[in-house]
Amino acid sequence: MTTVKSDFLNILQERDFIHQVTDLEGLDAKFTAAEKSNGLSAYIGFDCTGSSLHVGSLVQIMMLRWLQKCGHKPIVLLGGGTTKIGDPSGKDESRRLLTDADINNNLAGIRSIFDQFLTFGEGKSDAMLVNNAEWLDKLEYVPFLREIGTHFTINRMMTFDSVKLRLDREQPLTFLEFNYMILQAYDFMELGKRYDCALQMGGSDQWGNIVNGMELGRRAAGLQLFGLTTPLITTADGKKMGKTADGALWLNEEALPAYDYWQFWRNTQDADVGRFLRLFTEIPVDEIKRLEALEGSEINEAKIILANAATAMCRGENAASTAHKTATETFEKGGAGADLPTINMDAKILTNGIVAIDLFVEAGLGTSKGEVRRLIKQGGAKVNDVKITDAEQVIGNNDIIDGQIKLSSGKKKHVLIKTA
RNA sequence: GGAGGGGUGGCCGAGCGGUUAAAGGCACCAGACUGUAAAUCUGGCCUCGUAUGAGUACACAGGUUCGAAUCCUGUCCCCUCCA
């Protein structure tokens, strides 16, 4: 591996962020020079198909954070314009088209996530948030075609995976989607012109789009642009980061409580601990080396550090320590931490008593009565940490301890019942 | 336009008139072992019922039959080959 001189690339390299770079030496030289003067701007694009981002985008966000730490200027490009089109990469079928109102709503949600990770403002290394609708919405068709269209050949566009895949499978690819890569390329050029942005980063699936943008910038505007991609992050058992069977791991508090977020990191597999510490925390690499070398049950210490650091960054220190405390109380002391999911129930229901099966379904610890019945039969259901054996057992006021009832499904899922 | 193949449970995929709530795999849930890990093993995995059981269910709508996921008709959708 080539040794790099700039702080930024050095960090990315030693923390395994880099998959491909278009011109590592050239880029390194540029960063090195910039670190002695005003810093360099670089951008990453995010689409606005949802109102939150999930852990899958976290690698990109961390890169922007490091960029800022090294004195450069991160540009967050939100695809308000391109979201109206839909990136065909990796999609079997067209996305449904979102309305302007949806997109604006999504923009606001995503914006709040970036506020956690980056400092925005007017200073030279302050982050800025740009919406590509700003220029894309205003484009005029014929001038655009004359100016930009001449730099793309259909022959070349057909060779891109995103397009080729659809065609090979004879799935329809609309003209609208076909234009996505041109618009993304246009974004890069536009950012280069407006903000002197010289680098686009992104996931490895964005390579083609990034290269396109570089070429367009060079041909149409004489800009020297660079591209850098991150590897696709998978867990040790080969699953894509960010999605679980229960749903996506959202970065927004409204979409995923801090406790669950913390638990996700706490439950990282041994084999992933070192990699995740490097990518998703700012713990110094030497310290990480020590942590990932821990053996046996001691590696749990590393997992807790990972969970605390990752949660603190995304949800704040308080959220992280509350989640940590809840976990300690729940798992190590067998009690009930304050941060466990809580359901408020009408006091009357408990006064009258409720059958255990119904209570569990009510608490969301099973989707059907049959499921809860099975859970009980297999010994996975507990009320106040006492295993229940009778599905018809009546739970009532007698079971309230310290104003709450703790229900458990298996070792990890707990719900507190409180009366309203 | 012509010829053929197919649509089965969250996914993949067997079944091709009764013994089929539907093999097997994946995913998922519990239990054991552990370290809130992985691997392994055990049990479970449509709904209701303590259970014998009942109700729904094999693209959709009809039909044949004592009996259909399996046969027939129509509709919708997918795929392959030829033009």
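Labels below follow one simple rule: chain letters A, B, ... track the order of the sequence lines, proteins then strands, and each chain is numbered from 1.
- In this structure, CG of A/Asp260 is placed 18 Å from P of B/U36, rounded to the nearest angstrom.
- For RNA chain B, runs of at least 3 consecutive pairs of the Watson-Crick or G-U wobble type, with both hydrogen-bonding distances under 3.5 angstrom, map to B:1-7 with B:76-82, B:10-12 with B:24-26, B:28-32 with B:40-44, B:46-48 with B:53-55, B:59-63 with B:71-75.
- A/Gly296 comes within 4.0 angstrom of a base, heavy atoms only.
- Atom name P, nucleotides B/G15 and B/G6: the rounded distance is 11 Å, in whole Å.
- Heavy atoms of A/Arg374 sit under 4.0 angstrom from primed sugar atoms or phosphate atoms, though from no base atom.
- OP1 or OP2 of B/C48 sits under 4.0 Å from a side-chain N or O of A/Ser368.
- No hydrogens or angles were tested; on distance alone, a donor-acceptor pair under 3.5 Å links the side chain of A/Gln263 to the base of B/U36.
- At a threshold of 4.0 angstrom between heavy atoms, the contacts of A/Lys369 are confined to the sugar-phosphate backbone, with no base atom among them.
- Not a single donor-acceptor contact under 3.5 angstrom links the side-chain atoms of A/Gln378 to the base of B/G44.
- A side-chain N or O of A/Trp135 and one of A/Asp187 form a donor-acceptor pair less than 3.5 Å apart.
- As rounded to the nearest Å, B/C58 and B/A69 have P atoms that lie 8 Å from one another.
- The separation between A/Leu291 atom CG and B/G35 atom P is 20 Å, rounded to whole Å.
- B/G44 and B/G9 are spaced 16 Å apart, taking the C1' atom of each and rounding to whole Å.
- In this view, A/Trp250 and A/His54 satisfy the ring pair (Phe, Tyr, Trp, His ring centres under 6.0 Å) rule, not counting sequence neighbours.
- The nearest heavy atom of RNA chain B to A/Ser297 and to A/Ala391 marks one nucleotide each, and the one closer to the 5' end goes with A/Ser297.
- A/Trp262 comes within 4.0 angstrom of a base, heavy atoms only.
- Looking at A/Lys411, its side chain comes within 3.5 Å of the base of B/U34 through a donor and an acceptor atom.
- Nearest to the side chain of A/Glu392, among B/G35, B/U50, B/U36, sits B/U50.
- Atom-to-atom, CD1 of A/Ile304 to P of B/A37 comes out at 12 Å; the value is rounded to the nearest Å.
- Straight-line distance from the NZ atom of A/Lys387 to the P atom of B/G31: 8 Å, rounded to whole Å.
- Here B/A37 presents its C1' atom at 8 Å from CZ of A/Arg266, a figure rounded to the nearest Å.
- A/Ala327 comes within 4.0 angstrom of a base, heavy atoms only.
- Taking atom C1' in both B/C77 and B/A27, one finds a spacing of 26 Å when rounded to whole Å.
- Here, B/A23 and B/C12 have their C1' atoms 14 Å apart, quoted to the whole Å.
- OP1 or OP2 of B/A30 lies within a sub-4.0 Å distance of a side-chain N or O belonging to A/Lys413.
- Separating the CD1 atom of A/Ile376 from the P atom of B/G49 is a distance of 12 Å, rounded to the nearest angstrom.
- Side-chain N or O atoms of A/Gln68 include one that pairs as donor or acceptor with a backbone N or O of A/Ser125 at under 3.5 Å.
- Residue-to-nucleotide proximity on RNA chain B shows that, of A/Asn300 and A/Ser409, the 5′-proximal contact is made by A/Ser409.
- A side-chain hydrogen bond (donor to acceptor under 3.5 Å, both in side chains) with A/Lys406 is found for one member of A/Asp385, A/Asp399, A/Asn384 and no other, namely A/Asp385.
- The nearest whole Å value for the distance from the CD atom in A/Gln269 to the C1' atom in B/A39 is 11 Å.
- Residue A/Lys412 has no polar side-chain atom (N or O) positioned under 4.0 Å from OP1 or OP2 of B/G35.
- A salt bridge between A/Glu287 and A/Arg290 is present, with a side-chain N of the basic residue lying under 4.0 Å from a carboxylate O of the acidic one.
- Under the side-chain hydrogen bond (donor to acceptor under 3.5 Å, both in side chains) rule, A/Glu35 has a single partner from A/Lys30, A/His72, A/Lys5, which is A/His72.
- Taking atom CG on A/Asn267 and atom P on B/A38, their separation rounds to 8 Å, with Å as the unit.
- For the C1' atom pair drawn from B/U65 and B/G53, the interatomic distance equals 26 Å after rounding to whole Å.
- Taking the P atoms as reference points, B/U70 lies 13 Å from B/A57, given to the whole Å.
- For the C1' atoms, the distance linking B/A38 with B/A54 amounts to 43 Å, nearest Å.
- Defined by atom type and a distance below 3.5 Å, a donor-acceptor pair is present between the side-chain atoms of A/Asp28 and A/Ser6.
- Counted by atom type alone, A/Gln60 and A/Thr230 present one or more donor-acceptor pairs between their side chains at under 3.5 Å.
- A distance-only check finds a donor-acceptor pair linking the side chain of A/Ser321 to the backbone of A/Asn318 [under 3.5 Å].
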